[in-house]
Every structure is written in structure tokens, then in C-alpha cells.
**Student:** 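Below is the structure I would like to discuss, written out as C-alpha cells.
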Amino acid sequence: MSRYNHREVEPKWRAAWDAGGIHRALSPDQAKGKPKAYVLEMFPYPSGRIHVGHSRNYTMGDVIARFRRANGYNVLHPMGWDAFGLPAENAAMERGIHPKGWTYDNIAAMREQLKLLGLAIDWSREIATCDASYYKHQQAMFLAFWKKGLVYRRKQKVNWDPVDMTVLANEQVVDGKGWRSGAPVETRELEQWMFKVTAYGDDLLEELQRLDKWPDKVRLMQSNWIGKSQGAKIWWDIASAPDFLPSSPTGQPNHARDPIEVYTTRPDTLFGASFLALAPDHPLTKAIAAHRPDVAAFVAECAALGTSEADIEKAEKKGIDLGIRVKHPFDPNWELPVWAANFVLSTYGTGAIFGSPAGDQRDLDFANKYGLPFKPVVLPPGADPATYAVTDTAYTDDGTIYNSRFLDGLSTKDAITRAIEELVKLGAGEATTQYRLRDWGVSRQRYWGCPIPAIHCETCGVVPVPAKDLPVALPEDVKFDKPGNPLEHHPTWKHTTCPNCNGKATRETDTLDTFVDSSWYFARFTDAQNPDAPFDKKLASYWLPVDQYVGGIEHAVLHLLYSRFFTRAMRDCGFLDLPSGEPFASLFTQGMVVHETYKSATGQWLLPEDTEIKDGARVELRTGRPVEVGAIEKMSKSKKNVVDLDAFITDFGADVARWFVLSDSPPERDVEWTAGGVEGAWRFVQRVWALVEAHGAPAPKPGEAPPPGMEGEAHALRQLAHRSVKHITDAIEGFRFNSAVARCYELVNAIAKLKGDAPTAVFARGEALRLLTQLIAPFMPHLAEECWEKLGFAPFVATAGWPEADPALAALSSVTLPIQVNGKRRGEIEVAKGAAEGEVKALALAHPGVAPFLAAGEVRKVIVVPDRIVNIVVG
RNA sequence: GCGAGCGUGGCGAAACCGGUAGACGCAGCGGACUUAAAAUCCGUUCGCCGCAAGGCGGUGCGGGUUCAACUCCCGCCGCUCGCACCA
């Protein structure tokens with residue numbers, strides 16, 4: 001008996017697959033009616049080398065891709081590189097390497113590593129977003145979007161990262177700090193290129209409902225991000241204001257003595273209004289602050305609080321009376337005070353609210369703190385209006401309106417409609433829909449990105465680059481000796497002539513946010529080598545949407561929302577025929593690979609391979625000194641809790657890595673990489689090979705009739721094998737890879753247990769081994785091919801199709817029914833599957849183990865759940 | 001603070017629709033083979049009582065619904081993730 005040698009076997013089969021071209025997607029014509037399956041993992045950023053933690057995502061996608069192909073689908077399973085981005089520039093600055101060289105070197109290294117994993121990828125479609133052959137088309141689409149009105153420029157307050165010298169999206173600001181640099185973000189005004197995501201706000205929200213193969217969690221997060229709400233704008237006239245406040249020269253709202261514009265979702269509670277509150281950075285607050293040191297101090301205090309939600313959350317609700325009085329829209333004699341308050345956000349709605357304390361907890365806390373009077377206006381169902389009162393808990397749900405003049409007696413819903421009607425009649429307000437979603441600022445003041453194809457002409461203004469001049473290629477001879485954008489400093493690149501008037505002009509030096517690159521790559525894969533267009537419309541329409549997308553939860557909002565926007569924009573600009581506009585029909589968000597962390601006695605992080613267990617304690621290999629074992633965390637270079645993929649594959653093989661990352665935990669949950677777990681996977685590989693080798697060829701072909709006398713243990717093995725086919729098929733369909741793995745172990749245990757060389761045993765073993773080989777093929781493709789060959793089959797298990805369970809064998813002929821008395825298990829009986837209820841009942845009542853418990857009383861009821869359980873109720 | 005999710009042996013977990021709780025793996029224990037070790041194989045492993053047959057208890061805690069609850073409902077406790085005091 002020889003050991004299974006992955007070092008020979010794995011490269012052999014990879015070469016054979018490549019030679020056979022079996023992983024190439026077929027054209028729609030070649031596919032001839034086969035259904036299509038587009039399986040995609042979120043493409044990697046080429047950061048350097050990959051470790052085993054990265055492999056889980058690709059392995060999951062690969063299992064699905066191989067499974068679909070075996071089931072007769074025309075599968076597209078491509079791979080590419082999200083290759084623009086800041087780390088390349090950082091490497092350039094730190095080590096004096098060119099971003100391009102650094103990126104392409106990393107791509108070459110990572111490509112080889114991914115190939116070692118034996119992924120069933122159509123490498124003929126490989127793309128890199130930093131390649132002019134890719135971003136050329138992105139520039140063309142940018143121009144098309146521009147023409148369509150989906151791109152515009154706007155002077156905007158932006159988050160400026162002073163370290164990276166770039167603009168950050170709101171989404172890229174974490175706790176007031178840049179998400180990459182960690183530096184506190186500053187505010188600057190810049191002319192920015194914008195994508196009009198809000199044009200699709202409603203559609204992006206509505207269609208979420210139909211994405212029923214997305215995790216609810218992700219849909220909820222996107223829905224919250226879009227943040228649609230229905231409400232009203234209300235204009236409050238100034239009744240009195242400090243003398244220093246000038247009258248407005250502009251007539252714009254929210255300035256000086258113009259009416260104050262407020263947004264509310266609850267106009268029904270207007271008669272419960274107690275005060276107005278403005279954001280600390282509301283223009284009116286600032287105007288007052290210019291004259292009142294106490295207000296200025298309050299504004300400064302709020303600004304120092306930071307933008308972190310946790311900070312604001314823990315902060316006490318505070319405000320200051322601005323000395324302005326406004327008139328209630330429904331009663332000119334009713335005056336309300338105007339305050340500035342730290343819980344009002346300038347970035348949402350109009351930056352001003354009216355406080356209705358009985359119906360809003362924050363307003364109530366605020367009113368209580370400053371002694372502002374209020375009364376309840378919404379009566380909860382069943383409450384008595386004579387005695388109902390609100391003291392320190394607001395009532396925020398629907399009810400009946402009272403204390404509210406013409407709104408009295410209406411429901412919350414009707415009162416909202418009625419109040420808006422009245423506001424419109426009085427010219428004091430209007431219905432409005434508010435979104436939290438804002439347009440996407442795509443300008444980045446960076447070198448290593450896709451140049452924005454625009455030209456600034458002194459006479460013609462901003463002019464698009466003509467299509468014939470694309471791509472606008474990045475110059476390669478740049479220097480990183482100063483902070484900021486090297487494109488600005490380049491001696492010649494930005495100087496050009498205007499395509500309109502031929503006059504002197506300069507190129508746009510902003511490049512596109514890298515989220516743009518990843519917003520359409522899935523479409524490029526459908527026609528990756530097309531030199532003339534982003535993709536052929538027919539090909540993209542054939543393959544899209546992606547049938548199964550696999551990636552991390554961290555992309556729940558940004559990447560997935562931008563891709564949904566982009567697909568709609570591509571559709572509306574005529575690039576795509578895709579009615580729904582949805583790029584990803586089904587989404588799976590996978591858990592990470594985690595590992596213990598190790599610290600040396602001197603406090604340095606240690607690689608797992610630099611430590612060992614000695615006398616039950618972990619020590620440093622080099623010094624023998626004890627190691628501090630830290631938290632189990634996501635594998636990361638910085639904490640050194642990584643296992644190198646190449647070394648692991650050399651030691652154990654790709655199949656062991658693939659098997660292990662899917663085996664122990666449900667795919668959506670994190671899995672801990674442990675030496676013990678790896679050993680288990682390794683043993684399994686050896687065990688399967690030993691069984692296959694011992695059996696050898698030939699194994700029974702599909703459908704081959706068994707020898708006579710098939711019964712007993714051999715028959716039982718056949719039953720289990722066919723049941724396993726069913727179970728494992730269902731488990732893969734349902735993304736329960738860990739369950740599929742467990743079923744494989746079960747089957748192997750059973751095969752090993754059936755001894756003897758009677759024809760029936762040989763047949764049963766051979767058949768079970770053939771089925772097992774096919775079932776493990778998506779998980780451990782190299783081992784499966786070697787087994788397939790050993791069992792006498794050719795050419796590939798990968799092209800052999802998916803096994804079918806014989807229904808007669810897969811179905812159990814008899815079942816063991818537990819018998820309960822009053823819900824407690826007292827015995828069991830073996831009956832034919834589907835046995836008649838009366839028969840089962842009689843057997844159960846006659847069961848000797850049950851008898852003593854029946855004596856305790858009278859049998860009141862016997863519940864028979866066919867093929868599951870019998871419960872006898874005795875009382 | 002709000003929203004979502006989770007909580008099962010020594011550990012990772014399974015139980016898909018309310019129907020035998022703990023499949024499968026890891027670790028442990030006992031044994032076989034071996035001069036020995038590794039590898040492999042066999043047995044065993046939720047707790048308590050019992051020689052055994054068997055019994056009792058058990059899925060974070062407290063209630064409830066049901067013939068039957070890890071699963072459904074109500075209220076707590078703990079952990080994780082997300083966030084926007086969103087008017």
C-alpha cells in the first residue's frame with residue numbers, strides 16, 4: 001500500500017485540466033440550451049501574498065462552480081484583480097518601487113498561489129483594473145454617464161484626509177478618522193466629480209425586496225443606508241429676534257430673519273410642539289454665535305465632541321436658547337422658543353427640528369432638562385384622555401390625536417395627511433420625501449487610479465475627452481517625492497489642447513475612487529478580451545446577473561450598493577439589457593478564518609510556525625521561552641497569526657486546506673484554524689485513498705446491476721451511499737458545507753466497516769467509493785481525480801456529471817419509531833416505512849417497555865406522526 | 001441609545017417543517033498491533049444514581065403555548081455585529 005502523495009498528484013491533475021480546457025466557460029452558442037451559472041467570488045486586491053485565511057472565500061465559490069458544472073450548467077467562474085489603490089502608492093513612497101511594478105509583481109505571485117489551490121477558474125478571462133485595456137472602457141462609461149446626466153461636478157464640503165492627502169467618502173470616515181490612515185479628518189471645500197446615485201434611490205430601495213437570495217442582514221443595512229422617510233417641510237416665521245441679527249438680503253430660508261425650515265415625519269404632533277432646535281452648525285446658530293460668546297462656546301463644545309456616534313450617544317443632551325421666537329404655523333399668536341441643540345444633525349433633513357416632547361424621547365429629555373412646557377397630543381389606544389399623562393417616557397407609536405383643535409379624533413396617519421393639507425393651504429409647508437442616501441463623490445487626488453477623462457479649457461470650461469482619444473493613460477514616469485497627487489506635479493502630462501477650440505487646456509488630475517473599478521468588473525468578465533467595448537451587450541445579457549456571489553460582510557453597503565447603482569446606469573446608457581438592474585441574484589457572505597495570536601516574552605507578535613507546544617505549554621522555538629497566547633482573531637499580517645499557503649500546500653496539499661476551511665464551522669460563521677483540525681482533514685485524505693487503492697479497478701458503473709444475493713450489511717452500505725448522495729447534494733445547494741463534510745465522514749466510516757470479499761461486499765464498496773469520489777470532487781478535486789482513475793474511470797471526475805441517488809435505495813424501507821409516554825421516550829419499534837397508523841398504534845401499545853408506564857393511568861390519546869414518532873398520552 | 005443576530009458536551013458543531021438532543025470532527029480515556037515510537041485499527045466519552053437492566057436531570061435564566069419545545073410566544077441575562085440621536 002502506498003501513501004497518497006499530493007506533491008505528485010496535485011500538479012499532475014492541474015496540468016491535465018488545463019490541457020483539457022475543462023474550466024472554460026462556453027459561449028452561448030456552444031452551450032446549446034444548457035442553463036448558465038455565473039459563480040463569482042469578490043476579486044482580491046493584490047496586496048502581496050495570500051495566506052490560508054484568504055482561501056476560504058475562493059474555495060466556497062469553487063465548490064459551487066464545480067458542483068454546478070457537474071450538474072450540467074454552463075459555468076462562468078472567473079478571477080481578476082482589484083488592482084488600483086493606495087497601498088501601491090504607499091509601497092512606492094516607502095520603498096521607492098513603482099506602483100505598477102509592485103502591483104503586477106503581486107498579481108503574478110498571487111495568481112500562482114491561487115492556481116495551487118486547484119480552483120476551477122477560466123483564466124482566459126483574467127483582468128486587472130489597473131490595465132489600460134480595462135480602464136479605457138471605464139472611461140468610456142464615465143463619458144456616457146456624464147452625457148446621461150448621471151455625472152456632475154459640485155463644490156462640496158469633503159472629508160479631507162491630511163495624511164493620505166485625499167478625499168474620503170462619508171462611508172470611508174470611521175469615528176472621524178480616515179479608514180486607511182487613521183488620521184483625524186478635516187473639512188475642505190473642493191470641486192468634486194459626483195455620481196448621481198440618488199437618481200435611483202427609490203429603485204435601489206424597492207428592488208431590495210425582490211433580492212430574496214440575499215441575507216436579510218445585508219438588505220436591512222442597505223435599506224437603512226438609503227434611509228427613505230416621508231414627511232413634511234415646515235416654515236416657521238420669525239416673531240422676534242435679537243436686534244443684531246440682520247434682515248436677509250437673499251430671501252433664502254435659514255438665513256437671518258427668514259422663516260426657519262424644519263423637516264418632520266410627524267406633522268400630526270404639531271400641536272404638541274414646544275420648541276425649535278437647530279444644529280450647532282446651522283447657519284442661524286452660527287449667525288447668533290458671532291454676537292453671543294455663550295452660543296459660540298456651545299458651538300465649539302459640540303464640535304469638540306467629535307462625530308463618533310458612541311461619543312454623541314453618551315453625551316448629555318444639551319442646548320442653548322438662541323433668543324429667537326417663532327410663530328406656530330397654525331396659530332400666529334402662539335410663539336415658541338428657538339434653541340440650538342447637540343442632538344440635531346446638520347447633515348440630515350434641514351438641520352432643524354421642532355420638538356414635540358410627548359412623542360419623542362430625545363425631545364422629552366430635552367424639554368425636561370430645560371423646563372420647557374409640553375402636553376401630550378397622541379392618545380395611546382385604550383388610554384383615558386382625562387388621566388393620560390407623559391412624564392419621562394415618550395409615546396412614539398400611533399394613536400388618536402387629541403388636544404389638537406382641527407386634528408382631534410383623527411388617527412396618526414390621517415392627521416399627518418390633514419396637517420400637511422393645512423400647511424400647504426397656509427403656504428407654511430409641503431409634503432416631502434427625505435433620503436439619507438447622498439450622491440457618490442468619486443474624485444480622488446491620487447495617482448494610482450483611473451484618470452477621469454475630462455479636460456479643463458480656459459474658454460470652453462470642462463470638456464469631455466473625445467472617445468477616440470481614450471484611454472487617457474496614466475503616465476508611468478512619476479515621482480513620489482512630495483505629498484499629494486503626482487499627476488499635479490508631472491512636467492507634461494496634464495498639459496493638452498481643448499478638443500473644442502484647440503486652445504491651451506489642462507487635463508483633470510483627479511482619478512476615480514477604486515470602488516468605481518469594482519462596480520462593473522463582473523460585467524467585464526462576460527467578455528473580458530473585448531478591445532472595442534466594455535463588453536458585448538448580448539454576452540453580458542446572457543451571463544448576468546451573477547447567479548452566486550460570495551464575499552465578506554464588510555462590503556454589505558459600499559461595494560454592493562455602488563454595483564447596483566452602476567448596473568442600472570449601464571442599463572440606462574444602453575450598455576446592457578438587464579430589466580432588473582440587479583447585478584447579483586444571490587449573495588452569500590462568508591465567515592473568516594481566525595487563529596490564535598502569539599506574543600513573545602519581549603512583547604513581539606510571533607508566527608505560529610515560530611512556536612511549539614512543549615510539556616503542555618506554548619514556547620518560542622528560537623529561545624524556548626514561554627509564549628503569551630492571545631485572542632483568537634482574523635488572520636492578519638500585522639498580528640502574524642497567519643499560515644502561509646505555499647508552505648501549507650507543500651506540507652499537506654491544497655485539498656487538505658480546502659477540506660479543512662469548509663469542515664468545522666458553518667460557512668457564514670468564522671472557522672478557527674487549528675493544528676488538530678488540519679490533522680483530521682489530512683487523515684481523511686489518507687483514509688479515502690487507502691480504501692480506494694485497496695479496492696482498485698473496476699468499480700461498478702452507474703446503473704450497473706448488483707450481483708445476486710445483495711442483502712444485509714452490503715445492502716445497508718448501498719442504502720447509506722445513496723442516501724449520502726441525496727444529503728450531500730442538498731447540503732451543497734443550501735450552503736451547508738460543514739454538513740456535507742460530516743456526511744462524507746459518515747460514508748467513509750461505513751465503507752471501512754464493511755469487510756470481506758464476497759461479490760456483494762465488493763460491489764457495495766466499489767459503488768460507494770465511486771459515489772464518494774464524485775461527492776468529494778467539488779471539495780477535494782485533486783484527490784477525487786486520482787481516485788477516479790484508480791477506480792478505472794476516465795477522463796475526469798470533474799466532467800463525469802453529478803451522481804444520482806437511486807430513489808429505491810435512498811428511501812428507507814423501515815424506520816425506527818421512538819415511543820413516548822407523556823413526552824418521555826420509553827422505547828422504540830421498527831416498522832416499515834409508511835406503515836399504517838392503526839398498526840403502529842397497536843405495536844406501540846403492546847411494547848413491553850411501555851407497559852409499566854401505561855399502568856399509571858388511562859390511555860387518553862395516541863399521537864402517531866407517520867415515520868417519525870409515537871406519543872401516548874396517559875392521564 | 002437604536003437595529004439585527006447568536007447562546008447546545010472539555011472544544012468546533014449537528015438536529016432542514018415543533019417529533020429519539022449531541023450526528024460528524026478535534027481532544028480525552030481504555031485496548032490491539034509494535035522491541036519501542038509514529039502511523040493504523042477496535043472500543044468508549046453530557047451529568048448524576050445503579051453491578052446491570054434501567055431511571056432521573058439536561059440546549060444561558062424565569063415563565064407560557066403544545067400530546068410533544070434547542071426550535072414558537074413573553075420577560076430577563078450575556079456575547080457579537082451594524083449604525084444614522086434620522087426628527
**Student:** Sequence neighbours left out, cut at 3.5 Å: what donor-acceptor pairs do the side chains of residues 822-838 of chain A make with other protein atoms?
**Tutor:**
| residue | atom | partner | partner atom | Å |
| --- | --- | --- | --- | --- |
| Asn822(A) | OD1 | Val874(A) | N | 2.8 |
| Asn822(A) | ND2 | Val874(A) | O | 3.0 |
| Arg825(A) | NH2 | Glu828(A) | OE1 | 3.0 |
| Glu830(A) | OE1 | Thr816(A) | OG1 | 3.1 |
| Glu830(A) | OE2 | Ser814(A) | OG | 2.8 |

**Student:** Can you tabulate the close N/O pairs, meaning under 3.5 Å, that link protein atoms to atoms of nucleotides 63-65 of chain B?
**Tutor:**
none

**Student:** Is a donor from one side chain sitting under 3.5 angstrom from an acceptor on the other, for Ser663(A) and Tyr745(A)?
**Tutor:**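 Absent: no donor and acceptor within the cut-off.
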**Student:** Could you tell me which residues satisfy side-chain contact (heavy atoms from CB on, under 4.5 Å) with Ser404(A), sequence neighbours excluded, listed by chain and number?
**Tutor:**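 With sequence neighbours excluded, Ser404(A) shows a side-chain contact (heavy atoms from CB on, under 4.5 Å) to Phe271(A), Val377(A), Ile401(A), Leu407(A), Asp408(A), given in chain and number order.
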**Student:** Please state how far atom CG in Asp216(A) lies from atom P in C6(B), giving the value in whole angstrom units.
**Tutor:**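 Going from CG in Asp216(A) over to P in C6(B) covers 11 Å.
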**Student:** Could you measure between the two P atoms, the one in C74(B) and the one in G3(B), and give it in whole Å?
**Tutor:**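 Their P atoms lie roughly 14 Å apart.
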**Student:** Send over the distance from Ile728(A) CD1 to C24(B) P, rounded to a whole Å.
**Tutor:**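 After rounding, the reported distance stands at 14 Å.
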**Student:** Measure the distance from CG on Asp360(A) to C1' on C2(B) and round it to the nearest whole Å.
**Tutor:**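 Computing the Asp360(A):CG to C2(B):C1' distance gives 13 Å.
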**Student:** Considering only atom C1', compute the distance from C16(B) to A39(B) and round it to an integer number of Å.
**Tutor:**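 One C1' to the other, the span is 38 Å.
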**Student:** Ser356(A) side chain to Thr269(A) main-chain N or O, any donor-acceptor pair under 3.5 Å?
**Tutor:**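 Such a contact is found between Ser356(A) side chain and Thr269(A) backbone.
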**Student:** For Val262(A) and Phe354(A), which heavy atoms make the closest approach, and how far apart are they?
**Tutor:**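 Result for this residue pair: CG1-N, 3.6 Å.
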**Student:** It should be established whether Arg436(A) places a side-chain nitrogen or oxygen under 4.0 Å from OP1 or OP2 of nucleotide A84(B).
**Tutor:**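 So the side chain of Arg436(A) is within the cut-off, an N or O lying under 4.0 Å from OP1 or OP2 of A84(B).
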**Student:** Holding to side chain to side chain donor-acceptor pair (under 3.5 Å), I want the full list of residues that pass it with Ser55(A), two or more places apart in sequence or in another chain.
**Tutor:**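 Ser55(A) satisfies side chain to side chain donor-acceptor pair (under 3.5 Å) with no other residue.
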**Student:** With sequence neighbours excluded, tell me which residues meet side-chain contact (heavy atoms from CB on, under 4.5 Å) with His727(A).
**Tutor:**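 Residues passing side-chain contact (heavy atoms from CB on, under 4.5 Å) with His727(A): Arg723(A), Arg743(A).
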**Student:** Tabulated below should be each protein N or O lying under 3.5 Å from an N or O of nucleotides 39-45 of chain B; please produce it.
**Tutor:**
| residue | atom | partner | partner atom | Å |
| --- | --- | --- | --- | --- |
| C41(B) | OP1 | Arg687(A) | NE | 3.0 |

**Student:** Could you tell me which residues satisfy side-chain contact (heavy atoms from CB on, under 4.5 Å) with Thr597(A), sequence neighbours excluded, listed by chain and number?
**Tutor:**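 Listed in chain order: Trp605(A), Glu633(A), Lys639(A), Asn641(A).
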**Student:** Just call it for Leu220(A): base, sugar-phosphate, or nothing, with non-hydrogen atoms closer than 4.0 Å on any strand.
**Tutor:**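 Touches sugar-phosphate only.
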**Student:** Looking for any heavy atom pair under 4.0 Å, which part of the strands does Tyr745(A) touch: base, sugar-phosphate only, or nothing?
**Tutor:**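 Sugar-phosphate, backbone atoms only, no base.
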**Student:** Within this structure, what is the CG-to-P distance between Asn224(A) and C85(B), rounded to whole angstrom?
**Tutor:**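 Value for this atom pair: 12 Å.
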**Student:** As a test of your reading of the structure, name each stem of RNA chain B as range with range, where a stem is three or more consecutive Watson-Crick or G-U pairs at under 3.5 Å.
**Tutor:**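 So far as stems of 3 or more pairs are concerned, RNA chain B shows B:1-7 with B:77-83, B:10-12 with B:24-26, B:28-32 with B:40-44, B:46-49 with B:54-57, B:60-64 with B:72-76.
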**Student:** Looking only at side-chain atoms of Ile863(A), point me to the closest of C83(B), G25(B), C67(B).
**Tutor:**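 The answer is C67(B), which lies nearest to the side chain.
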**Student:** When you measure from the side chain of Thr412(A) to the backbone of Gly399(A), do you find a donor-acceptor pair of N or O atoms at a distance under 3.5 Å?
**Tutor:**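 Yes; judged by distance alone, with no hydrogens or angles, the pair exists.
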**Student:** For nucleotides 68-70 of chain B, which of its nitrogen or oxygen atoms have a protein nitrogen or oxygen under 3.5 Å away, and what is each distance?
**Tutor:**
none

**Student:** Provide a list of protein-nucleic acid N or O atom pairs under 3.5 angstrom, restricted to nucleotides 54-59 of chain B.
**Tutor:**
| residue | atom | partner | partner atom | Å |
| --- | --- | --- | --- | --- |
| C56(B) | OP1 | Arg826(A) | NH2 | 3.3 |
| C56(B) | OP2 | Arg826(A) | NH1 | 3.1 |
| G57(B) | OP2 | Lys824(A) | NZ | 3.2 |

**Student:** Just jot down the side-chain contact (heavy atoms from CB on, under 4.5 Å) partners of Ala742(A), sequence neighbours excluded, or say none.
**Tutor:**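 Per chain and number, Ala742(A) pairs via side-chain contact (heavy atoms from CB on, under 4.5 Å) with no residue.
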**Student:** Of the nucleotides G19(B), C67(B), A87(B), which one has an atom closest to the side chain of Thr264(A)?
**Tutor:**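 Side chain of Thr264(A) sits closest to A87(B).
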**Student:** Provide, to the nearest angstrom, the distance between the CE atom belonging to Met221(A) and the P atom belonging to A4(B).
**Tutor:**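 Result: 14 Å.
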**Student:** What string of B, S and - do you get for nucleotides 11-18 of chain B 5' to 3' if you count protein non-hydrogen atoms under 4.0 Å?
**Tutor:** -SSS-B--
**Student:** Suppose you measure atom C1' in C70(B) against the same atom in A15(B); what distance do you get, rounded to whole Å?
**Tutor:**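 Approximately 8 Å lies between the C1' atom of C70(B) and that of A15(B).
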**Student:** Would you indicate what Thr816(A) reaches in the nucleic acid, counting non-hydrogen atoms under 4.0 angstrom: base, sugar-phosphate, or nothing?
**Tutor:**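 It contacts base atoms.
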**Student:** Expressed as a whole number of Å, how far does the C1' atom of C48(B) sit from that of G58(B)?
**Tutor:**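 Comparing C1' positions in C48(B) and G58(B) gives a spacing of 11 Å.
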**Student:** For Gln230(A) and Thr433(A), test the side chains for any donor-to-acceptor distance below 3.5 angstrom and give the result as yes or no.
**Tutor:**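 Yes, because at least one side-chain N or O of Gln230(A) sits under 3.5 Å from a partner of the opposite role on Thr433(A).
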**Student:** Under the criterion salt bridge (charged side-chain N to carboxylate O under 4.0 Å, His left out), I'd like the reasoning laid out for Asp365(A) against Arg362(A): C-alpha separation, chi angles, the key distance, then a yes or no.
**Tutor:** CA-CA 5 Å; Asp365(A) 293 346; Arg362(A) 289 154 301 150; over 6 Å; no
